Structures are given as structure tokens and as C-alpha cells.
Amino acid sequence: MSQEPTSNFIRTMIDEGLAGGHRQKLITRFPPEPNGYLHIGHAKSICLNFGLAESYGGRCHLRFDDTNPAKEEQEYVEAIKTDVRWLGFDWGEHLYFASDYFDQLYRWAVKLIQAGKAYVDSQSADEMRANRGSLTAPGVDSPHRERSVEENLDLFERMKKGEFPDGKHILRAKIDMKSPNMNLRDPAMYRILHAEHHRTADRWCIYPMYDFAHGQEDSIEGVTHSICTLEFEDHRPLYDWFVEQLEIHAPQQIEFARLNLSYTVMSKRKLLQLVTEQHVEGWDDPRMPTISGMRRRGYPAAAIRNFCEKIGVGKSYSWIDLSVLEESVREVLNQTAQRRMAVLEPLKVTITNYPTGQVEELQAPNHPQQPELGTRTLPFSRELYIERNDFMEDPPKKFFRLGPGREVRLRNAYIIRCDDVIRDDSGQVTELHCSADLDTLGKNPADGRKVKGIIHWVSADHATSVPVRLYDRLFNQENPDKAEDYLQVLNPDSLQMTEALAEPNLLNVQSGETLQFERVGYFCVDSKDSTAGAPVFNRTVTLRDTWAKMK
RNA sequence: UGGGGCGUCGCCAAGCGGUAAGGCACCGGAUUUUGAUUCCGGCAUUCGCAGGUUCGAUCCCUGCCGCCCCAGCCA
């Protein structure tokens with residue numbers, strides 16, 4: 001079930017570095033910005049970074065890149081820690097924050113000013129943009145580019161002291177306004193932001209830009225391999241430049257392609273909008289592609305890890321079908337989930353040759369392939385409910401279920417034959433009269449006739465009604481980002497609230513537990529809305545249904 | 001049109017000069033008191049295209065085509 005790590009280009013690069021003697025150990029890091037909850041795309045990065053550290057006997061740090069106080073919150077820090085831990089990874093003592101390095105970063109900025117490698121610019125944001133040039137036209141130098149070291153030092157000091165309003169000045173690296181790489185056209189290093197930071201409160205009113213912070217943070221921590229996504233490939237020369245000017249340890253940056261999953265959006269901005277505008281019930285809504293949403297939906301951590309392993313890692317733009325994730329979930333749940341029976345759309349069945357008032361306690365295995373998981377008792381009586389779509393009045397030959405005159409096996413019980421179809425005034429089928437072959441409990445018919453179909457059922461008098469939420473993909477379009485407005489392609493049927501008639505054992509479950517409703521799907525006891533003795537079930541994923549595909 | 005990447009089966013993805021791994025999907029067939037699971041078998045003479053180097057190229061060279069990213073005082 002768990003995947004063997006297959007070779008990939010990152011492992012190859014690491015191996016080469018190790019073999020060449022350039023590196024002795026491996027230190028990676030997962031560096032989220034605490035401005036939202038983690039999603040399945042982050043899981044890919046987490047599994048990659050922690051997985052690498054594990055298999056090379058190194059370690060992986062968890063570091064929060066909290067350089068923008070305007071967007072970051074403590075709530076997100078806690079949620080991210082919970083999610084990484086839940087996925088099964090441990091950063092040990094190595095929990096860090098960019099904000100812990102603010103003093104060092106400030107000193108380094110001063111050092112660059114002193115070396116004539118950075119300057120305070122006083123253009124407006126608009127002017128800076130205009131002077132940056134375009135993709136094909138070089139930029140032009142700022143009129144403030146040649147300020148003296150003394151003046152720069154003074155201005156930067158006063159920026160720090162809070163003498164200026166936001167946007168009045170900005171610290172820039174002095175590199176090359178004509179560089180074909182836009183990132184090298186005197187990028188911003190420090191901006192003035194009179195904002196309360198979730199960890200440093202109001203101690204600072206200037207904050208380093210991600211580009212001036214990230215590489216140095218890795219350097220400080222001794223990170224050997226800085227694994228990040230493709231869009232930072234263009235930034236690598238900048239990070240290398242800072243590290244070289246500062247004469248500090250240089251991590252090796254390696255970029256990989258981020259995950260794209262069909263029928264979902266992955267941008268934090270959009271996920272945040274779904275939450276704040278209440279298109280979903282929160283970050284942990286079971287329809288969300290967030291780790292917390294998947295957890296609540298019932299996806300096992302192992303399934304997510306296996307998924308990340310099986311999709312591999314490369315540099316080509318890739319698009320993974322949602323079904324690959326779902327298949328990973330089934331793979332794990334099939335082995336771990338106990339079996340139960342529940343009927344979603346009930347149709348009454350009366351066993352006409354079964355005595356009124358009689359109740360039999362049948363034994364049913366909790367898992368067909370794992371007898372060690374024991375059995376449970378199932379009450380059987382004259383009146384039952386079966387699934388409405390397990391009956392057809394005029395079934396095709398390939399329909400192995402119930403129809404007039406047809407026989408079917410009741411799962412864990414008897415074989416029954418449909419003798420009569422009862423209708424109401426409108427012609428709707430309301431009930432089936434069936435007769436049971438009472439000599440088929442735990443065995444096949446003595447006369448050797450074959451009964452192919454098996455359907456699930458519950459005893460009418462003993463069944464308990466439980467709330468069930470049927471989830472479906474959040475979006476109707478394979479790539480919601482391609483839509484004019486991604487909110488327009490939200491799937492209106494992504495959540496269907498209903499009730500199921502369940503075997504009595506289903507009242508006896510624990511929060512977060514996942515069970516298989518035989519022939520229907522996997523269902524997880526909702527961790528938020530369930531109470532003792534009153535579980536609410538989330539459909540984690542359906543079972544594979546080749547019959548549905550045949551139709 | 002400047003720069004940086006990427007192009008191997010429907011979807012991912014190994015391969016790194018010696019003659020195309022694997023997974024998913026799909027198609028057969030077996031077992032099965034879940035049309036589930038499991039199990040067997042099938043599934044790229046071909047690696048974006050065109051040239052070139054070589055005894056030999058998916059791997060090296062040249063040119064072309066296609067796709068992605070970059071002009072935040074976001075990360």
C-alpha cells in the first residue's frame with residue numbers, strides 16, 4: 001500500500017551533490033506563509049521535503065515565512081502545525097519564523113548599504129513601475145540611485161524609527177536596471193508597513209520583502225536544499241546574489257512543478273474567498289481541497305501521502321485527475337474501514353413467509369478480508385428496507401438485482417424472490433412482497449441454482465435514521481481557473497444533506513471513525529457535528545461502481 | 001518580440017549514448033454472500049517536429065513548433 005519512493009530529478013541532484021562531496025548532510029524545510037490553511041498542493045511539498053529528509057537521514061524544518069504582517073495571523077500558524085503533524089511529519093526542535101530573523105536581516109540590509117549595494121529610493125510605486133521597463137524594454141535608473149552611503153544609512157534608520165508613512169521610501173538592491181531578468185532590476189528589499197505583526201507586534205514598521213528574506217533564512221538555518229516551486233526559478237539569481245554579497249552559506253535551490261488537481265482551485269486567495277463569502281462552511285469544509293477539509297471528509301493521512309508519492313515530482317506542467325486522489329483514499333480505506341449496512345433511498349420489502357414479530361440475530365463479518373476484526377449482529381425481521389435503485393420493474397438481463405419474479409441475495413442473510421409489486425394511486429412503487437428461501441442462510445441453495453445479485457438491507461423495526469452528507473466535487477469545470485469567473489462554476493450539488501436508514505450498530509461509533517456502507521461508499525463520522533449517540537456521517541468517497549459505468 | 005523553464009502511452013512518470021520501468025485509466029479473463037476487494041493477461045518498433053554527430057540517440061549538436069512563468073512597496 002505504501003509507495004516505494006521512485007527516482008526523480010531532485011533525488012538525482014541530491015545524490016550527485018552527495019557523491020561530489022559538496023554536501024555531507026541533508027537539511028530541507030517546509031516554509032509556508034501563515035496567511036491561510038494548507039491545501040493538497042502544500043501536502044505535495046511537505047511530503048517531498050520531509051520525505052527527502054527522512055530517506056537521506058537528514059532533517060526538515062518547519063519555518064513560517066511571516067514577512068507580511070498585513071496578511072498573516074496566528075490562527076493560521078496553529079492550523080498549519082496541526083496539519084503537518086497530522087500528515088505524519090515531525091520537525092522536532094526545528095520550528096522557526098522569519099520574524100525571528102528580523103534583526104539579522106536588518107543588519108544585513110545595513111551591510112549592503114555600506115557596501116554600496118543597496119539604496120533608499122523615494123519614488124512612488126507608480127514611478128518605480130514605470131521606470132522598471134517592460135519585458136522587452138530595459139528599465140531606467142532611479143534618480144535616487146546614487147545617494148551617498150551616509151544618506152542611505154540615515155534614511156533607512158529613519159524608516160526603521162517610523163519617521164515616514166507607508167510607501168514614502170523603500171530600500172532597493174542596486175543590481176542592474178537593464179537586466180533581462182526582471183528580478184534583478186533593483187528589487188525591493190524593505191518596505192515601510194505600519195502594521196501590527198502577529199508575533200513582533202509593533203516592534204517594527206519596516207518589513208523585509210520575501211525575496212530579501214527567504215534565501216537568507218535558509219542560509220541561517222543551514223538548509224542544504226531549498227526546494228520550491230517553478231515560479232521562483234527566475235528568482236534564484238537574486239537569492240544567489242544576496243548570499244554572495246553577504247558572504248554567507250549558500251543553499252542549493254531546486255524548483256519543481258506545483259500540483260494542479262482537476263475540479264478544484266488551489267490559490268489561497270480563492271480558497272480564502274470561498275471561506276469569507278461563505279460558499280463553503282469554513283477552511284475545513286469537507287469539500288475544500290485543504291488538509292483540514294480532507295481530514296474532516298475522512299481522507300486518511302496515509303492516503304494523502306501515497307497520493308503524493310504516486311504522482312511523482314517533475315518540472316513539467318502537470319494536471320492530476322481528482323480520481324487519482326480518490327483512488328488513493330479507497331486504497332487505504334478498503335483495508336482499514338469496517339463494513340456496515342445503510343440504505344440511502346429506502347424501498348420497503350415485506351418477507352411474506354417470515355413470521356410477524358420474529359427477530360433473528362444474524363452474524364456479519366466486520367471485514368470480509370480480515371476475520372480478525374470480528375463480527376457484529378444484525379437483526380433480521382419480516383419488514384425490511386432495501387435501496388430503491390436495487391429494484392427495477394422491467395430490468396435488462398444484465399441487471400443482477402431485484403425485479404418481478406427475480407431472486408437476489410440479501411447481504412449476510414437469505415435469498416429472496418420478488419413476488420408482488422405494490423403501488424400507490426399514482427403508480428409509484430411503494431413496497432415489494434417477497435418470499436425468502438429460508439434454507440440459504442450462510443449457504444447456497446440446495447438445488448444448485450445460482451443467484452448472482454447481492455443487495456444490502458436494514459430491518460425496518462430496528463433501523464435507525466442518521467444524518468448523512470453526500471459530497472461531490474466543488475466545481476463543475478475541470479479547470480475552474482479557466483472559467484470567466486470561477487465562482488460561476490461552483491457545483492450547486494456539491495453538498496446533499498439526507499438521512500440514511502442504518503443498521504443499529506451505526507449508532508455505536510467514534511468521532512472521526514470511517515466505515516464502509518457496503519455497496520455504497522465510505523463514510524466518516526463528522527468530528528464537528530456529531531454528538532455521543534448521534535453521529536452525523538460525511539461521505540468520504542463512493543465505492544468504484546462498474547455497473548454505473550456500464551449504464 | 002527580452003529572460004527563465006518544460007515537451008516520453010489518455011493522465012502522471014522513470015530513463016542521462018546500447019536499443020522504451022512503474023502507477024492510474026482503459027480492455028479482456030478468474031475468484032468473490034459488496035457489480036467492492038483480490039488475482040492473472042493485454043496496453044508506446046516509439047520518446048513535440050526536422051536535420052546532424054555516432055556502429056548505435058529518448059538521451060549529444062543545430063534549427064523549428066507548442067505550452068508555462070516573470071513587468072507586487074505579495075509570497
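Please read these numbers as outputs of a predicted model, since none were measured by experiment. Naming: A, B, ... by sequence-line order, numbering from 1 per chain.
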What's the [atom1]-[atom2] distance between [X] and [N], to the nearest Å?
X        : N      : atom1 : atom2 : result
A/Asn260 : B/rC11 : CG    : P     : 14 Å
A/Asp66  : B/rC74 : CG    : C1'   : 14 Å
A/Lys452 : B/rA36 : NZ    : C1'   : 13 Å
A/Tyr239 : B/rA75 : OH    : C1'   : 8 Å
A/Leu322 : B/rC12 : CG    : P     : 15 Å
A/Met550 : B/rA36 : CE    : P     : 10 Å
A/Leu543 : B/rU37 : CG    : P     : 7 Å
A/Arg191 : B/rG72 : CZ    : P     : 14 Å

*From the list B/rA71, B/rG35, B/rC12, which nucleotide is the closest neighbour of the side chain of A/Trp319?*
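Taking heavy atoms from C-beta onward, the closest nucleotide is B/rC12.
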
*asked:* Closest approach to the side chain of A/Thr12, judged atom by atom: which nucleotide of B/rC12, B/rC73, B/rG15 is it?
replied: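 Nearest to the side-chain atoms of A/Thr12, counting from C-beta on, is B/rG15.
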
*Is the base of B/rG35 touched by the side chain of A/Arg544 through a donor-acceptor pair closer than 3.5 angstrom?*
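It does not, because no donor-acceptor pair links the side chain of A/Arg544 to the base of B/rG35 below 3.5 Å.
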
*Does a distance-only test, which skips hydrogens and angles, find a donor-acceptor pair under 3.5 Å between the side chain of A/Gln369 and the base of B/rA36?*
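When only heavy-atom distances are counted, A/Gln369 does reach the base of B/rA36 through a donor-acceptor pair under 3.5 Å.
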
Look at all strands and tell whether [X] reaches a base, only sugar-phosphate, or nothing, counting heavy atoms closer than 4.0 Å.
X        : answer
A/His214 : nothing
A/Gly442 : base
A/Asp65  : sugar-phosphate
A/Lys443 : base
A/Tyr190 : nothing
A/Leu362 : nothing
A/Ile170 : base
A/Val451 : nothing
A/Asp166 : nothing
A/Gln516 : base
A/Pro237 : nothing
A/Met209 : sugar-phosphate
A/Phe517 : nothing
A/Ser179 : nothing

*Can you give one letter per nucleotide of nucleotides 2-9 of chain B, going 5' to 3': B for a protein heavy atom under 4.0 Å from the base, S for sugar-phosphate only, - for none?*
BBSSS---

Between [N] and [M], how far is it from one [atom1] atom to the other, in whole Å?
N      : M      : atom1 : answer
B/rG72 : B/rG15 : C1'   : 40 Å
B/rC60 : B/rC67 : P     : 24 Å
B/rC11 : B/rG48 : P     : 14 Å
B/rC16 : B/rU8  : C1'   : 14 Å
B/rG22 : B/rG35 : C1'   : 29 Å
B/rG42 : B/rG7  : C1'   : 28 Å
B/rG52 : B/rA20 : P     : 23 Å
B/rU58 : B/rA44 : C1'   : 12 Å

_ring pair (Phe, Tyr, Trp, His ring centres under 6.0 Å) contacts touching residues 159-183 of chain A (sequence neighbours left out)_ =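 As it turns out, the ring pair (Phe, Tyr, Trp, His ring centres under 6.0 Å) pairs with a partner in residues 159-183 of chain A, which skip direct neighbours, are A/Phe164-A/His169.
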
*With sequence neighbours excluded, tell me which residues meet side chain to side chain donor-acceptor pair (under 3.5 Å) with A/Glu387.*
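For A/Glu387 the side chain to side chain donor-acceptor pair (under 3.5 Å) partners, ignoring immediate neighbours, are A/His456.
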
*Taking only residues two or more places apart in sequence, or in another chain, which ones meet A/Arg185 in a side chain to side chain donor-acceptor pair (under 3.5 Å)?*
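None.
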
*Tell me the stems RNA chain B sits in, counting at least three consecutive Watson-Crick or G-U wobble pairs, each under 3.5 Å on both distances.*
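Stem list for RNA chain B: B:2-7 with B:65-70, B:10-12 with B:22-24, B:26-30 with B:38-42, B:48-52 with B:60-64.
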
Quick check on [N]: is either OP1 or OP2 less than 4.0 Å from any side-chain nitrogen or oxygen of [X]?
X        : N      : result
A/Arg330 : B/rA36 : no
A/Arg132 : B/rC73 : yes
A/Arg258 : B/rC68 : no
A/Arg519 : B/rG35 : yes

*Run the ring-centre check on A/Phe102 versus A/His197 and record whether the distance is less than 6.0 Å.*
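For A/Phe102 and A/His197, the ring centres are under 6.0 Å apart.
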
*Ring center gap for A/Phe517 and A/Phe537 short of 6.0 angstrom*: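 Yes, ring centres under 6.0 Å apart.
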
*How are the rings of A/Tyr486 and A/Phe475 set relative to one another: parallel (under 30°), tilted (30 to 60°) or perpendicular (over 60°)?*
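Correct class here is tilted.
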
Residue list, side-chain contact (heavy atoms from CB on, under 4.5 Å) with [X], at least two apart or on another chain:
X        : answer
A/Leu543 : A/Gln516, A/Tyr522
A/Glu33  : A/Asn35, A/Asn68, A/Lys71, A/Glu72, A/Lys268
A/Lys174 : A/Tyr119, A/Arg145, A/Glu146
A/Thr542 : A/Arg330, A/Arg539

[Y] versus [X], side-chain donor and acceptor atoms under 3.5 Å:
X        : Y        : result
A/Glu75  : A/Tyr37  : yes
A/Asp66  : A/Ser99  : yes
A/Tyr414 : A/Asp437 : no

*Start at the 5' end of RNA chain B and walk down; is the nucleotide closest to A/Ser323 or to A/Glu231 reached first?*
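Nearest nucleotide further toward 5': that of A/Ser323.
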
*Mapping A/Phe9 and A/Asp321 onto RNA chain B by nearest heavy atom, which one lands closer to the 5' end?*
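Whichever sits nearer the 5' end wins; that is A/Asp321.
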
*Syn versus anti for B/rG18, judged by chi lying within 90° of 0?*
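Anti, angle beyond 90° from zero.
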
*asked:* Taking side-chain contact (heavy atoms from CB on, under 4.5 Å) as the criterion, tell me which of A/Phe97, A/Tyr101, A/Tyr96 meets it with A/Glu217.
replied: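 The side-chain contact (heavy atoms from CB on, under 4.5 Å) with A/Glu217 is passed solely by A/Tyr101 among A/Phe97, A/Tyr101, A/Tyr96.
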
